[in-house]
Amino acid sequence: AGVSVLQVDATNGNVVFNEASNDQDFRIESNGNTHMLFIDAGNDFVGIGKSAPEHALHVLSGTANTVAQFESSDADALIEFKDSDSGTSGVFIGADADDFVVKPNATEVFRILGSGGNVLIGSSSSVSVTGGARQFQIEGTSGVTASMSIIRNTNNNAGSVISLSKSRSASDGGVTIVQENDVLGE
């Protein structure tokens with residue numbers, strides 16, 4: 001006797017593949033890929049462009065550097081990562097306008113500005129301090145939220161290093177001698 005693998009329910013508008021939960025894979029071909037969409041029934045994995053998916057969702061883009069695009073019709077396009085201990089909300093990463101954001105529990109804690117690449121922690125906008133917005137900014141309302149730790153773990157007397165440098169070179173990585181009255185750091 002044959003096994004029914006495809007059911008069409010015209011009354012409810014449903015199409016069901018493998019209702020009996022048999023170990024029968026499902027594959028859709030495209031013009032250039034024999035496994036454009038592949039469902040591995042035995043392992044409960046889905047492959048896109050992948051004939052042997054290794055995870056719940058496995059995407060293989062071939063030679064394309066951009067593997068996937070997630071697009072929203074409003075200002076934000078976020079992906080949520082959530083595990084069984086995440087509570088009501090997981091960690092969101094994605095785009096807010098042209099900026100890259102990280103939002104644990106849907107609260108923003110980290111942003112990289114799309115214009116200029118400034119790294120912001122604790123703030124969603126760059127603050128001008130002593131004449132200009134800085135590339136790296138930590139902002140908060142207490143010693144805990146507006147602080148930074150640099151820790152060096154070594155079994156000797158050497159400590160951590162903060163280096164403030166100045167060069168008169170007009171390009172990144174260039175090294176030239178500073179001159180009298182040059183400001184080395186603020």
Side-chain angles (χ1 to χ4, degrees), residues 45-50 53-186:
F45 291 163
V46 175
I48 298 176
K50 181 73 176 169
E54 299 170 17
H55 302 282
L57 177 62
H58 189 153
V59 180
L60 176 64
S61 68
T63 59
N65 290 331
T66 301
V67 176
Q69 178 174 325
F70 298 90
E71 186 173 349
S72 172
S73 60
D74 66 1
D76 292 348
L78 304 170
I79 300 171
E80 181 180 12
F81 294 90
K82 189 172 181 179
D83 65 17
S84 61
D85 294 328
S86 293
T88 59
S89 183
V91 176
F92 296 87
I93 64 167
D96 179 349
D98 291 331
D99 301 343
F100 173 78
V101 294
V102 177
K103 298 180 177 186
N105 295 314
T107 302
E108 183 177 321
V109 296
F110 180 83
R111 176 179 292 254
I112 299 175
L113 299 180
S115 59
N118 300 56
V119 176
L120 309 177
I121 298 173
S123 176
S124 61
S125 61
S126 192
V127 176
S128 179
V129 179
T130 63
R134 303 301 183 227
Q135 286 297 105
F136 182 72
Q137 172 184 314
I138 299 173
E139 185 174 348
T141 57
S142 72
V144 173
T145 60
S147 61
M148 177 175 70
S149 295
I150 301 174
I151 301 167
R152 179 175 179 173
N153 295 306
T154 57
N155 189 15
N156 60 31
N157 65 350
S160 300
V161 175
I162 297 176
S163 177
L164 302 176
S165 301
K166 161 78 171 125
S167 171
R168 285 192 166 257
S169 174
S171 61
D172 285 343
V175 178
T176 59
I177 298 173
V178 295
Q179 296 179 6
E180 187 175 335
N181 295 321
D182 280 353
V183 177
L184 301 182
E186 297 179 6

* **Any donor-acceptor pair under 3.5 Å from D99 side chain to G114 backbone** => yes
* Nearest 0.5 Å please: distance from the CD atom of E139 over to the CG atom of L120. => 8.5 Å
* To do: Output, in order, the C-alpha distance, side-chain angles, deciding distance and verdict of side chain to side chain donor-acceptor pair (under 3.5 Å) for T107 and N105.
  => CA-CA 5 Å; T107 302; N105 295 314; over 6 Å; no
* Asked: Can you name the closest pair of heavy atoms from A106 and S89 and give their distance?
  -> N-OG, 3.6 Å
* Asked: Hey, does the side chain of R152 reach the backbone of G159 with a donor-acceptor pair shorter than 3.5 angstrom?
  -> yes
* Asked: Can you name the nearest heavy-atom pair linking M148 to F136, along with the distance?
  -> SD-CE2, 4.1 Å
* Asked: Between A146 and G140, which heavy-atom pair has the shortest distance, and what is it?
  -> CB-N, 3.5 Å
* Determine whether D182 and R168 make a side-chain contact, defined as any pair of heavy atoms from C-beta on separated by less than 4.5 Å. => yes
* Structure fact -> Residues S123 and E108: closest non-hydrogen pair is O-OE2, 3.8 Å
* What are the two closest heavy atoms between N118 and S115, and how far apart are they? -> OD1-O, 4.0 Å
* Tell me, yes or no, whether the heavy-atom count around D74 atom CG, taken from other residues, nucleotides or ligands under 6.0 Å, exceeds 12. => yes
* Reported CG-to-CD1 distance for the pair D96 and I112, which is rounded to 0.5 angstrom -> 13.0 Å
* Do the side chain of N156 and the main chain of A158 share a donor and acceptor less than 3.5 angstrom apart? -> yes
* Donor-acceptor contact present, side-chain E80 to main-chain F92, <3.5 Å -> no
* Asked: In Å and rounded to the nearest 0.5 Å, what is the CG to CG distance from D98 to L113?
  -> 10.0 Å
* In terms of the angle between their ring planes, are F110 and F100 parallel, tilted or perpendicular, with boundaries placed at 30° and 60°? -> perpendicular
* Please say which of I93, V109, L78 ends up in a side chain to side chain contact (heavy atoms under 4.5 Å, CB included) with V101. => L78
* Does T66 reach the main-chain N or O of A68 with its side chain, forming a donor-acceptor pair under 3.5 Å? -> no
* Asked: NZ of K50 to NE2 of H55: how many Å apart, nearest 0.5 Å?
  -> 9.5 Å
* Non-hydrogen atoms of P53 and F45 that approach each other most closely -> O-CD1, 3.1 Å
